[in-house]
Amino acid sequence: MVSAENCRLRYAEQIVGIVGVDDPRIRRAFASVPREDFLPPPPWTVISQGVATQTGNIADIYDNVLVAIDRARGINNGEPALHAAWIGAVSPQPGETLIHVGAGTGYYTALLAHLVELGGRVEAYEYESDLAAWACDNLRDYPQVTVHAASAFGRPLPGADVIYVNAGVTAPDAGWLQALLRGGRLIFPWQPHQGWGTTMLVTRTGRGYRAKQLMNVGFISCSGETTRSPGGPRPSEADIAATRSVWPVSEREPDRTATAVYDAVWFSADSVE
């Protein structure tokens, strides 16, 4: 029988290879964190291309598959290759402060904690109280992680180098943008339409909040979201594709470059260097 450790080593090579992430630190993180420690007891339900299969074979969870946490609520341990691509895009560094929104049971929180190392800090927010309690227990051996059983919307946040959002949002909270330090990176699924959207990578520069689209995604909606549109049509695919920056309304009022406007934030076709 193949050991769990060998499964993880093979899995780590596979996952970073799928998305072409050339960072040995990310490979080591995937190889180090036992995925099974963040899942319900076996048999596990693995989901690949929409097909769910039950398995007690640990090798089956070390693949690019979703694994169900709570099927009734549609909560899964997300697709590893997608997260490898996202983690590569925000590139957490040792000593950085990272905010994880939608931590679930903590598997990807643990990977992020490996990357900021003991000198860094991870503030993990999980709105569902049962998942937050589970994550807190799962992450007890990560002293750099604090789990908050709360929404990350509408609350003061510490200054952050990275904000990593694990649930679909209509728009980011204005406080997330304002919490970014200079050079800070925010990654989130922008889902103005039900069930689909795009990955947005936002970088805070000296002139504003540069936004770049990475890939199409479909995430479970973020519980506790408070962002609202003031009315009017939702952004079209063309509007989304034209977006180059995002702004808190308190810092810059919406203008003719707007591609989408919400109560406290808006998206713009204006480029930011």
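Each residue takes its place number in the sequence, starting with 1. Being a predicted model, the structure only gives us computed values, none of them experimental.
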- hydrophobic_cluster_shared for V122 and Y127, side chain cutoff 4.5 Å: no
- Task: Under the side-chain hydrogen bond (donor to acceptor under 3.5 Å, both in side chains) rule, what do E123 and H148 come out as? Steps first, then yes or no, please.
- Result: CA-CA 7 Å; E123 301 290 338; H148 305 270; 2.5 Å; yes
- Could you tell me whether D161 and R204 make a salt bridge, using a distance below 4.0 angstrom between a side-chain N and a carboxylate O? no
- Decide, yes or no, whether a salt bridge links R244 with E273 under the criterion of side-chain N to carboxylate O below 4.0 Å. no
- Task: Please indicate whether E117 has more than 12 foreign heavy atoms, meaning atoms of other residues, nucleotides or ligands, lying under 6.0 Å from its CD.
- Result: yes
- Query: How many angstroms lie between atom OG1 of T55 and atom CD1 of I61, to the nearest 0.5 angstrom?
  - Reply: 9.0 Å
- Query: How many angstroms lie between atom CG of L39 and atom CD1 of I69, to the nearest 0.5 angstrom?
  - Reply: 5.0 Å
- Under 3.5 Å, is there a donor-acceptor pair between the side chain of R234 and the main chain of H193? no
- Message: Do Q213 and I240 make a side-chain contact, defined as non-hydrogen atoms from C-beta onward lying under 4.5 Å apart?
- Response: yes
- Item | With H83, the ring pair (Phe, Tyr, Trp, His ring centres under 6.0 Å) member among Y107, Y108, F30 | Y108
- Query: Does the ring centre of F153 sit less than 6.0 Å away from the ring centre of W176?
  - Reply: yes
- Is the side chain of Q144 donor-acceptor paired with the backbone N or O of A113 at a distance under 3.5 Å, no angle test? yes
- Item | F267 ring center within less than 6.0 Å of W190 ring center | yes
- Task: Output every pair passing ring-ring contact (aromatic ring centres under 6.0 Å, His included) with a member in residues 46-67, not counting sequence neighbours, ordered by first then second residue.
- Result: Y11-Y62
- Note, W247 side chain near V265 side chain (heavy atom, < 4.5 Å): no
- Ignoring hydrogens and geometry, is there a side-chain-to-backbone donor-acceptor pair from T243 to D239 under 3.5 Å? yes
- Message: Check whether N138 reaches the backbone of T105 with its side chain - one donor and one acceptor, N or O, closer than 3.5 Å.
- Response: yes
- Message: I need the minimum non-hydrogen distance between R8 and A31, along with the two atoms involved.
- Response: NE-O, 3.2 Å
- Message: Is it the case that over 12 heavy atoms from other parts of the model lie below 6.0 angstrom from the CZ atom of R71?
- Response: no
- Query: Where the side chain of N64 meets the backbone of A81, is there a donor-acceptor pair that is under 3.5 Å apart?
  - Reply: yes
- Which value, rounded to the nearest 0.5 Å, describes the distance between T198 atom OG1 and F188 atom CZ? 9.0 Å
- W86/L82 under side-chain contact (heavy atoms from CB on, under 4.5 Å): CA gap, chis, key distance, verdict: CA-CA 6 Å; W86 278 30; L82 180 147; 3.7 Å; yes
- Between the side chain of R25 and the main-chain N/O of P92, is any donor-acceptor distance below 3.5 Å? yes
- Item | Hphob cluster co-occupancy, M215 + I87, side-chain heavy atoms under 4.5 angstrom | yes
- Message: Looking at every heavy atom in both A84 and V21, which two are closest together, and how far apart are they?
- Response: O-CG2, 3.5 Å
- Message: So V249 and E251, do their side chains get closer than 4.5 Å, heavy atoms only?
- Response: no
- Query: Which heavy-atom pair separates A52 from T45 by the least distance, and what is that distance?
  - Reply: CB-CG2, 3.9 Å
- Rounded to the nearest 0.5 Å, the CG atom of D60 sits from the OG atom of S48 at a distance of 10.5 Å
- Side-chain contact test, heavy atoms from C-beta onward, threshold under 4.5 Å: evaluate it for V165 versus I163 and give yes or no. yes
- Item | Point-to-point distance, once rounded to the nearest 0.5 Å, from CG of D137 to CG of D37 | 10.5 Å
- Begin with the C-alpha distance, continue with both residues' side-chain angles, and end with the deciding distance and a verdict on side-chain contact (heavy atoms from CB on, under 4.5 Å) for L115 and I26. CA-CA 7 Å; L115 294 167; I26 295 175; 4.2 Å; yes
- Sorted by chain and number, sequence neighbours left out, salt bridge (charged side-chain N to carboxylate O under 4.0 Å, His left out) with D130 holds for R73
- Item | Full working for side-chain contact (heavy atoms from CB on, under 4.5 Å) between R35 and V67 | CA-CA 10 Å; R35 194 180 192 188; V67 184; 3.8 Å; yes
- Item | Nearest heavy-atom neighbours spanning P248 and A174 | CB-CB, 4.4 Å
- Apply side-chain contact (heavy atoms from CB on, under 4.5 Å) to the pair Y125 and I99, showing each step before the final yes or no. CA-CA 8 Å; Y125 287 83; I99 296 171; 4.0 Å; yes
- Exam field: side chain N76 to backbone G78, donor-acceptor pair closer than 3.5 Å: no
- Item | Nearest heavy-atom neighbours spanning V272 and R210 | O-CD, 3.3 Å
- Query: Is there a side-chain contact between L66 and V46, using heavy atoms and a 4.5 Å cut-off?
  - Reply: no
- Message: For Q178 and S250: C-alpha separation, side-chain torsions, deciding distance, then whether side-chain hydrogen bond (donor to acceptor under 3.5 Å, both in side chains) applies.
- Response: CA-CA 10 Å; Q178 292 167 328; S250 62; 3.1 Å; yes
- Message: A quick test of your reading: do over 12 heavy atoms of other residues, nucleotides or ligands sit less than 6.0 Å from CG of D22?
- Response: no
- Task: Check whether any side-chain heavy atom of T170 sits under 4.5 Å from a side-chain heavy atom of Y262, and report yes or no.
- Result: yes
- Message: With heavy-atom distances below 4.5 Å as the criterion, would you say the side chains of V246 and L177 are in contact?
- Response: yes
- Query: Is a side-chain N or O of R140 found less than 3.5 angstrom from the main chain of C136, in a donor-acceptor match?
  - Reply: no
- Could you list all the salt bridge (charged side-chain N to carboxylate O under 4.0 Å, His left out) pairs where at least one residue sits in residues 173-192, not counting sequence neighbours? E96-R185
- Query: Any side-chain heavy atom of V202 sitting closer than 4.5 Å to one from P172?
  - Reply: no
- Task: Mind running salt bridge (Lys or Arg N to Asp or Glu O under 4.0 Å) on R252 and D270 for me, showing each step along the way?
- Result: CA-CA 12 Å; R252 176 177 167 182; D270 190 19; 3.2 Å; yes
- Taken to the nearest 0.5 Å, the spacing of I58 CD1 from E36 CD works out to 3.5 Å
- Message: Show the nearest heavy-atom pair for residues P143 and L118, with the distance to one decimal.
- Response: CG-CD2, 3.7 Å
- Message: With a 3.5 Å distance limit and no angle check, can you tell me whether E126 reaches the backbone of V101 through a side-chain donor-acceptor pair?
- Response: no
- Message: Please say yes or no: joined through hydrophobic side-chain contacts below 4.5 Å, possibly via intermediate residues, are I15 and L214 part of one cluster?
- Response: yes
- Look at the side chain of S245 and the backbone N and O of S271, then say whether any donor-acceptor pair between them is shorter than 3.5 Å. no
